[in-house]
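Okay, so here's the structure we're looking at.
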Number of protein chains: 2
Amino acid sequence: MPLPPVTDADEFAIADTLDRMLLWARRKAPTRLSATSITTLDTLHLHGPQRISDLAAGEGVTQPGMTTLVSRLVDEGLAERFADPTDGRATLVRITDAGRSVLADRHRARTEAIRADILRLSAEHRAALLGALDALNHLCTSSDRGTPR
Amino acid sequence: MPLPPVTDADEFAIADTLDRMLLWARRKAPTRLSATSITTLDTLHLHGPQRISDLAAGEGVTQPGMTTLVSRLVDEGLAERFADPTDGRATLVRITDAGRSVLADRHRARTEAIRADILRLSAEHRAALLGALDALNHLCTSSDRGTPR
DNA sequence: TATTGTTATACTCTATAACTATA
DNA sequence: TATAGTTATAGAGTATAACAATA
């Protein structure tokens, strides 16, 4: 069976819906840590140790801002700094076990909250969502860097 | 053709992916106004005039916090206050044309940014996304209230 | 001289507490 | 007395500017 064609208008409709999703998402989900702290921890978790400047660029904050943020994470035991063996100027940051634990707890809680909404959907809608998971995952992982400010 | 069954594990997978989407989303999208300002304007746009206390509950902030936020919006000409004819204690807030314009501009810009990522997906993925739009829209609109703090 | 990171300072946002006005 | 909203104060988070150390 041939795939349905995806037109310009369709692409716009997809983007439009996803943007509305983001507003929805923003209204759920209060977290103890700031949103930037969470995404920074997530980056460290997924991609391993990083420089301050790389983290800053990736999260769309300034370098001094990232220094402060990392200091907070270190104070709370969620991350740690260590010297970059290849560059005396640089500092590398790595997530700790406690940091991973915070990330896991938060993810578990939020997943449960979202799941409650999914249960209210029709079987057809859930099936459609299931069919789009792979696409959504690609979307999230392909280009997860923000635009610099 | 019968629908594929949606199991508990599937529901979890959907919720899991959506939560990852939210982290992705957070990394895109810097906005001039705060996230709460945007969602508040969006609520006023979608559901009409509201009381301060209702807005506060809906956005998951305190009543004094919403007073301040609304004052900012009013100062910028994006919303306006008027007396509730049915309750002398209450103030109603309504979005202005300028507010709608800000919302539209932001939506347009973000939709365009997301669309760029969609263009990098395969035709199959885009088709799957298209098939899930209705489900996603239901998800966003069914229960768009945040949990109170 | 350019780059990496930190410190100093100021501004925005939002929470808690105390207050005013109306029901 | 309870409810709607505001004002006062404090704290978190992040930006810009100035600085120190290394490449």
Side-chain angles (χ1 to χ4, degrees), chain A residues 26-44 49-94 102 146-149, chain B residues 26-44 49-76 78-94 102 106 146-149:
Chain A
R26 176 57 190 52
R27 273 185 271 246
K28 312 210 70 92
T31 320
R32 194 180 58 80
L33 284 79
S34 76
T36 313
S37 295
I38 291 291
T39 53
T40 300
L41 278 180
D42 188 61
T43 296
L44 292 173
Q50 312 261 335
R51 291 177 169 209
I52 296 278
S53 47
D54 290 341
L55 286 173
E59 305 301 329
V61 299
T62 60
Q63 198 177 67
M66 185 52 71
T67 290
T68 307
L69 192 159
V70 166
S71 298
R72 277 200 305 272
L73 292 178
V74 170
D75 286 348
E76 298 185 75
L78 307 182
E80 51 196 14
R81 281 183 233 245
F82 61 103
D84 184 337
T86 71
D87 187 338
R89 298 168 302 177
T91 300
L92 290 172
V93 184
R94 130 181 87 212
V102 161
T147 46
R149 248 158 228 172
Chain B
R26 176 57 188 56
R27 271 186 272 245
K28 312 211 68 94
T31 321
R32 193 180 57 80
L33 283 80
S34 75
T36 313
S37 295
I38 292 292
T39 54
T40 300
L41 278 181
D42 188 61
T43 296
L44 291 173
Q50 312 261 335
R51 291 178 170 210
I52 296 278
S53 46
D54 290 341
L55 286 172
E59 305 302 329
V61 299
T62 60
Q63 196 180 66
M66 185 50 72
T67 289
T68 307
L69 193 160
V70 166
S71 298
R72 276 201 305 273
L73 293 178
V74 170
D75 287 348
E76 298 186 77
L78 307 181
E80 51 195 12
R81 282 184 234 246
F82 61 104
D84 184 338
T86 72
D87 187 337
R89 299 169 302 182
T91 300
L92 290 171
V93 185
R94 129 182 88 215
V102 162
R106 178 192 156 283
T147 45
R149 244 157 229 171

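So that the names make sense, note that chain A is the first sequence line, chain B the second, and so on, each numbered from 1. Values reported hereafter were calculated over all heavy atoms of this structure, with side chains retained and with hydrogens, waters and symmetry mates removed. All values reported here derive from a predicted model rather than from experimental measurement.
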A:Gln63 has an atom CD; how far is it from atom P of D:dA18, in whole Å?
16 Å
Protein-nucleotide distance (B:Glu76, atom CD; C:dT12, atom P), rounded to Å:
10 Å
Verdict with reasoning, A:Leu55 to A:Leu69, per side-chain contact (heavy atoms from CB on, under 4.5 Å)
CA-CA 10 Å; A:Leu55 286 173; A:Leu69 192 159; over 6 Å; no
Rounded to the nearest angstrom, tell me the gap between atom CG in B:Leu73 and atom C1' in C:dT12.
14 Å
Measuring to OP1 and OP2 of C:dT14, would you say a side-chain N or O of B:Thr36 lies under 4.0 angstrom away?
yes
Does C:dT6 have its OP1 or OP2 closer than 4.0 Å to a side-chain nitrogen or oxygen of A:Thr67?
yes
On DNA chain D, check which nucleotide each of B:Asp87 and B:Pro64 is closest to and give me the residue with the more 5' one.
B:Asp87
If you compare all heavy atoms of A:Leu44 against all heavy atoms of A:Val93, which two are closest, and at what distance to 0.1 Å?
CD2-O, 3.5 Å
Along DNA chain D (nearest heavy atom to each residue), the more 5'-positioned of A:Leu69 and A:Gly88:
A:Leu69
What are the two closest non-hydrogen atoms of B:Ser37 and B:Ser34, and how far apart are they?
OG-OG, 2.9 Å
Phosphate contact (D:dG5 OP1 or OP2) by B:Arg51 side-chain N/O below 4.0 Å:
no
Does the side chain of A:Arg81 get closer than 4.0 angstrom to OP1 or OP2 of C:dG5 through an N or O atom?
no
Taking for each residue the nucleotide of DNA chain C bearing the nearest heavy atom, is the 5' side occupied by A:Ala90 or by A:Gly65?
A:Ala90
Rounded to the nearest angstrom, tell me the gap between atom CG in B:Leu55 and atom C1' in D:dG5.
13 Å
Using whole Å, what does the distance between atom P of nucleotide C:dG5 and atom CZ of A:Phe82 come to?
12 Å
Below the 4.0 Å mark, does C:dA15 have OP1 or OP2 next to a side-chain nitrogen or oxygen of B:Thr62?
yes
A:Ile52 has an atom CD1; how far is it from atom C1' of C:dT4, in whole Å?
10 Å
For the side chain of B:Arg89, counting heavy atoms from C-beta on, which of C:dA21, C:dG5, D:dA15 is nearest?
C:dA21
Just to confirm, is there a sub-4.0 Å distance from OP1 or OP2 of C:dT14 to any side-chain nitrogen or oxygen of B:Thr68?
no
Which one of A:Arg81, A:Gln50, A:Arg51, A:Glu80 satisfies the side-chain contact (heavy atoms from CB on, under 4.5 Å) criterion with A:Leu92?
A:Arg51
d(CE, B:Met66; C1', D:dT7) in whole Å
17 Å
Would you kindly give the CZ-to-C1' distance between A:Arg72 and C:dT6, to the nearest whole Å?
15 Å
What I'd like to find out is whether the side chain of A:Leu41 reaches to under 4.5 Å of the side chain of A:Leu33, using heavy atoms alone.
yes
